[in-house]
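Worksheet: one structure, shown below.
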Amino acid sequence: RSAMGSLATPYPERAALDGTAATIGYRRLLELGHRRFALFTFSPGSRHLGQARTDALDEVLRDAGVGSEAVVTVSAGDPGECVAEVQYLAALRERPTAFISAMGRLTPYILEGIHSAGLRIPTDASFLCFGDSQWHKGYSPPISVIRHDYAAAARRTVERLVARIEGREVPEISHRPSEFVMRGSIGPAPIGKRMVGAGAGSLK
């Protein structure tokens, strides 16, 4: 509970709000033939949220009969580390065909790594991230996202605050789930990219 008490719009359950949209996005990658994933999280802070998004991918793969060795999880201590990590993964003979940014602040660095490694999106690798903005839409190709309408959440919080100040009944908090938005950064898995064997499950 924040300093605003009952007026705040809490989001400790953001992972639950992301659940359905993340499942749809992950399943879409599977439908397009992807069987080798690199998922990036940020270790200092937001660990619960990053872990929940990782667990959601594991569950989707398990339901599809795909083993846990299909995912390389990179836990970055600093966003800048993602550039070198992507370059390393891209140099593997059997590299990931889908890169996922589980934390929005990592996205630019992962994209930098992808491009500096000479990979083209989505021809050589697909890309999916959590969080959306105008630059995600204006990027070339536009980035596929799992997004939540935080602007709407902020408006609801203000509405509750104004109602309290005016002595009116305070509206109940309503949580809207996230949504998966398919854009140009996701495409079919490149032909001939085989899976790395077990033991490459985590870099850190």
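Please read these numbers as outputs of a predicted model, since none were measured by experiment. Just the heavy atoms: all of them, side chains too, but no hydrogens, waters or symmetry mates, feed the values below. The chain is numbered in sequence order, starting from 1.
Using a 4.0 Å cut-off between charged nitrogen and carboxylate oxygen, D132 and R183 count as a salt-bridge pair. The pair R36-E94 fails the salt-bridge criterion, with no side-chain N (NZ, NE, NH1 or NH2) lying under 4.0 Å from an Asp/Glu carboxylate O.
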Show me the donor-acceptor pairs, under 3.5 Å and distance only, between side chains in residues 22-29 and residues at least two apart or in other chains.
| from | atom 1 | to | atom 2 | distance (Å) |
| --- | --- | --- | --- | --- |
| T23 | OG1 | G19 | O | 3.0 |
| Y26 | OH | R53 | O | 3.1 |
| R28 | NH1 | E31 | OE1 | 3.3 |

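Rounding to the nearest 0.5 Å places CG of L32 at 9.0 Å from CG of L30. Interatomic distance, CG of L128 versus CZ of F37, reported as 10.0 Å (0.5 Å rounding). Put simply, SG on C129 and CZ on R147 are 11.5 Å apart, with the number rounded to the nearest 0.5 Å. The structure places CD of Q87 at 11.5 Å from SG of C82, a figure rounded to the nearest 0.5 Å. The distance from the OG1 atom of T107 to the CD atom of E112 is 13.0 Å, given to the nearest 0.5 Å. The CD1 atom of I114 lies 5.5 Å from the CZ atom of F127; values are rounded to the nearest 0.5 Å.
Nearest approach of P108 to G104, heavy atoms of both residues: CD-O, 3.9 Å. What you find for F180 and S144 is that their closest heavy atoms are CE1-CB, 4.4 Å. Of all heavy-atom pairs between A102 and T41, the closest is CB-CG2, 3.9 Å. When all heavy atoms are compared, the tightest approach of G184 to P122 is O-CG, 3.3 Å. In this structure, L119 and A90 approach most closely via the heavy-atom pair CD1-CB, 3.8 Å.
No more than 12 heavy atoms of other residues, nucleotides or ligands sit less than 6.0 Å from atom OH of Y109.
Side-chain N or O atoms of E59 include none that pairs as donor or acceptor with a backbone N or O of D55 at under 3.5 Å. Without hydrogens or angle criteria, H34 side chain to S126 main chain gives no donor-acceptor distance under 3.5 Å. Between the side chain of S116 and the backbone N or O of G113, at least one donor-acceptor pair lies under 3.5 Å. With hydrogens and angles disregarded, no donor-acceptor distance shorter than 3.5 Å links the side chain of S185 to the backbone of P141. A distance-only check finds no donor-acceptor pair linking the side chain of S101 to the backbone of L106 [under 3.5 Å]. The closest donor-acceptor contact from the side chain of H136 to the backbone of S133 lies under 3.5 Å.
Within the 4.5 Å cutoff, the side chain of F40 has no heavy atoms near those of the V72 side chain. H115 has its side chain within reach of I121: a pair of non-hydrogen atoms, C-beta onward, lies under 4.5 Å apart. R105 places a side-chain heavy atom less than 4.5 Å from the side chain of F42. At a threshold of 4.5 Å between non-hydrogen side-chain atoms, the residues R95 and D124 count as touching.
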Quiz item: Given F99 and L39, is the side chain to side chain contact (heavy atoms under 4.5 Å, CB included) satisfied, shown in steps?
Solution: CA-CA 6 Å; F99 291 82; L39 187 144; over 6 Å; no
Exercise. Quick one: do V181 and I143 satisfy side chain to side chain contact (heavy atoms under 4.5 Å, CB included)? Show the steps, please.
Key: CA-CA 9 Å; V181 182; I143 299 172; over 6 Å; no
Exercise. Evaluate side chain to side chain contact (heavy atoms under 4.5 Å, CB included) for R35 paired with V66, printing each intermediate quantity in order.
Key: CA-CA 8 Å; R35 294 297 184 273; V66 179; 3.9 Å; yes
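Under a hydrophobic-cluster definition in which Ile, Leu, Val, Met, Phe, Trp and Tyr are linked whenever side-chain heavy atoms come within less than 4.5 Å, directly or via other members, L111 and V83 are assigned to different clusters.
With sequence neighbours left out, R62 forms a salt bridge (charged side-chain N to carboxylate O under 4.0 Å, His left out) with no residue at all.
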